[in-house]
Amino acid sequence: MAESSKDDLVQLIKRFGAYLTVRMSNIFSISFHNLNARSVGAIAGLAVAIVFTWRLLRSPSTPQRRQPKRQAPGGASSSSITSHTNAPFSPSGVLPSEDARAQNVVDEFFQQVKPTLGQIVRQKLSEGRKVTCRLLGVLLEETSPEELQKQVTVKSSVLEVLLEITKYCDLYLMERVLDDESEKKVLLALEEAGVFTSGGLVKDKVLFCSTEIGRASFVRQLEPDWHIDTNLEIVSQLARFIKYELHISPTRTERSASNVFSSPSLEQFFGSV
């Protein structure tokens with residue numbers, strides 16, 4: 001019986017380990033060189049959870065009383081064997097309740113260490129301290145300077161990510177416009193959306209130009225760690241000078257360089273939707 005209990009424990013630990021590996025691969029997708037103090041704390045907590053779970057599963061369960069054997073009369077022996085064969089059987093020797101208990105412990109642990117949006121932003125940006133970003137198609141619903149002459153609409157879905165970026169990075173916004181009236185409309189729309197209330201972004205860091213080349217020139221002069229743009233041509237031109245770039249495009253595009261990433265939207269890149 002002692003040998004059987006030992007085998008049961010070994011099988012349970014193996015199944016627990018396999019399940020834990022899957023969960024870790026889904027949660028901790030950030031490379032080790034980006035680990036911060038909170039990430040190290042999460043890993044330490046994980047180790048504690050493993051030890052706690054092992055000790056929990058190691059504790060002996062209440063032994064079941066063995067029923068006295070009865071000598072089956074005559075032909076009843078065959079019926080008894082059939083009944084025993086049809087009983088539930090776990091190939092690993094692990095009771096379903098024990099397996100579910102291990103899974104619940106892991107689920108509860110990972111729910112507690114789920115990274116915040118701020119942590120994700122810093123990890124995704126590789127601790128970059130300066131970011132430049134165009135407005136059209138990224139922060140604004142409009143996609144052309146002509147549309148800005150009529151209206152300016154800030155994407156509500158991107159505001160939370162934008163404000164998190166301003167907490168950790170020196171952010172500059174820029175766009176090509178056709179007239180001064182468009183500039184005023186853009187600044188007013190950003191102000192009404194609450195972009196300037198957090199203190200991380202001021203109106204002086206919203207830059208305007210009249211050509212696409214002018215925007216590329218802004219980026220090179222600012223020398224950011226990250227540049228975010230929808231124009232693939234500009235992204236390709238700047239790839240030699242900027243450490244990292246994010247190309248925002250609703251359609252999947254071929255990666256133009258190793259330091260260029262792609263996403264349908266800014267909020268999707270940070271996994272906030």
Side-chain angles (χ1 to χ4, degrees), residues 30 34 117-145 147-148 152-177 186-187 189-190 193 195-196 198 200-209 211-273:
I30 306 300
N34 285 330
L117 179 59
Q119 290 174 321
I120 295 174
V121 167
R122 282 184 291 175
Q123 291 170 341
K124 282 279 192 177
L125 294 180
S126 302
E127 301 294 341
R129 302 305 299 168
K130 183 182 289 187
V131 178
T132 55
C133 177
R134 83 167 302 179
L135 288 163
L136 286 172
V138 181
L139 305 183
L140 304 180
E141 297 284 359
E142 291 74 24
T143 57
S144 70
E147 292 181 76
L148 295 180
V152 179
T153 309
V154 179
K155 293 183 178 181
S156 59
S157 59
V158 79
L159 285 177
E160 188 177 6
V161 170
L162 180 66
L163 294 178
E164 286 295 335
I165 293 176
T166 61
K167 290 180 182 179
Y168 307 108
C169 303
D170 188 15
L171 177 65
Y172 289 83
L173 304 178
M174 54 189 64
E175 193 47 68
R176 178 170 74 94
V177 294
V186 169
L187 291 174
L190 292 174
V195 172
F196 303 123
S198 65
L201 181 66
V202 296
K203 292 183 179 181
D204 290 342
K205 292 184 178 180
V206 183
L207 311 176
F208 298 96
C209 56
T211 64
E212 293 290 273
I213 296 177
R215 190 170 78 254
S217 178
F218 279 159
V219 176
R220 290 196 59 181
Q221 290 176 26
L222 290 169
E223 298 181 339
D225 299 300
W226 279 83
H227 176 61
I228 304 167
D229 211 299
T230 60
N231 189 319
L232 183 57
E233 183 177 352
I234 287 183
V235 169
S236 300
Q237 291 175 1
L238 293 174
R240 295 179 297 165
F241 310 102
I242 308 302
K243 188 175 181 180
Y244 299 110
E245 290 189 282
L246 175 60
H247 178 222
I248 302 297
S249 174
T251 58
R252 188 178 182 85
T253 58
E254 185 177 351
R255 196 168 182 177
S256 56
S258 60
N259 61 333
V260 176
F261 301 87
S262 179
S263 176
S265 68
L266 185 63
E267 52 269 41
Q268 288 187 45
F269 179 70
F270 292 105
S272 65
V273 294

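For the numbers below, each heavy atom of this structure counts, side chains included, while hydrogens, waters and symmetry mates do not.
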- prompt: Run the side chain to side chain contact (heavy atoms under 4.5 Å, CB included) check on Leu139 and Leu266 step by step: do they pass?
  reply: CA-CA 8 Å; Leu139 305 183; Leu266 185 63; 4.1 Å; yes
task: Check step by step if side chain to side chain contact (heavy atoms under 4.5 Å, CB included) holds for Leu187 and Phe208.
output: CA-CA 11 Å; Leu187 291 174; Phe208 298 96; 4.2 Å; yes
- prompt: Stepwise, does the side chain to side chain contact (heavy atoms under 4.5 Å, CB included) test hold for Ser265 with Val158?
  reply: CA-CA 9 Å; Ser265 68; Val158 79; over 6 Å; no
- request: Starting from the C-alpha separation in whole Å, work towards a yes-or-no answer on side chain to side chain contact (heavy atoms under 4.5 Å, CB included) for Lys205 and Asp170.
  value: CA-CA 9 Å; Lys205 292 184 178 180; Asp170 188 15; 2.4 Å; yes
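We find the CG-CG distance between Leu162 and Leu173 to be 6.5 Å, quoted to the nearest 0.5 Å. Taking NZ of Lys167 as the reference point, atom CD1 of Ile165 lies at 12.0 Å (rounded to 0.5 Å). Taking CD1 from Ile228 and CE from Met174, the interatomic distance works out to 10.5 Å, rounded to the nearest 0.5 Å. Distance check, rounded to the nearest 0.5 Å: CG of Asn259 to CD of Glu245 gives 6.5 Å. With values rounded to the nearest 0.5 angstrom, Glu233 atom CD is found 10.5 Å from Leu238 atom CG. To the nearest 0.5 Å, atom CD1 of residue Ile248 and atom CG of residue Asn231 are 13.0 Å apart.
At least one donor-acceptor pair closer than 3.5 Å links the side chain of Glu175 to the backbone N or O of Leu135. Put simply, the side chain of His247 gets close to the backbone of Thr230: a donor and an acceptor are under 3.5 Å apart. Of the possible donor and acceptor atoms, none in the side chain of Glu267 sits under 3.5 Å from a partner among the backbone N and O of Val161. Proximity of a side-chain donor or acceptor of Ser126 to a complementary backbone N or O of Gly128 within less than 3.5 Å is not detected. At distances below 3.5 Å, not a single donor-acceptor pair connects side-chain atoms of Ser217 with backbone N or O atoms of Ile213.
Closest approach of Lys155 and Leu140 over heavy atoms only: CE-O, 3.5 Å. Across Leu207 and Tyr172, no two heavy atoms sit closer than the pair CD1-CD2, 4.4 Å. Across all non-hydrogen atoms, the minimal contact from Pro145 to Val177 is CB-CA, 4.5 Å. Of all heavy-atom pairs between Gly214 and Thr211, the closest is N-OG1, 3.0 Å. Arg255 and Phe261 get closest at one heavy-atom pair: NH2-CE2, 3.3 Å. Of all non-hydrogen atoms in Phe218 and Cys209, the two that sit nearest each other are CE1-CB, 3.8 Å.
For Arg134 and Asp229, the salt-bridge test passes: some basic side-chain N is under 4.0 Å from an acidic carboxylate O. The pair Glu223-Lys130 fails the salt-bridge criterion, with no side-chain N (NZ, NE, NH1 or NH2) lying under 4.0 Å from an Asp/Glu carboxylate O.
By the 6.0 Å contact criterion, CZ on Arg220 is open, its count of non-hydrogen atoms from other residues, nucleotides or ligands being 12 or less.
By the 4.5 Å heavy-atom criterion applied to side chains, Leu125 and Tyr244 are not counted as neighbours. Side-chain atoms of Leu232 and Ser249, non-hydrogen and from C-beta on, never get closer than 4.5 Å to each other. Looking only at side-chain heavy atoms (C-beta outward), Leu222 and His227 stay at 4.5 Å or farther from each other. Counting heavy atoms from C-beta on, the side chains of Val131 and Asp225 never come closer than 4.5 Å.
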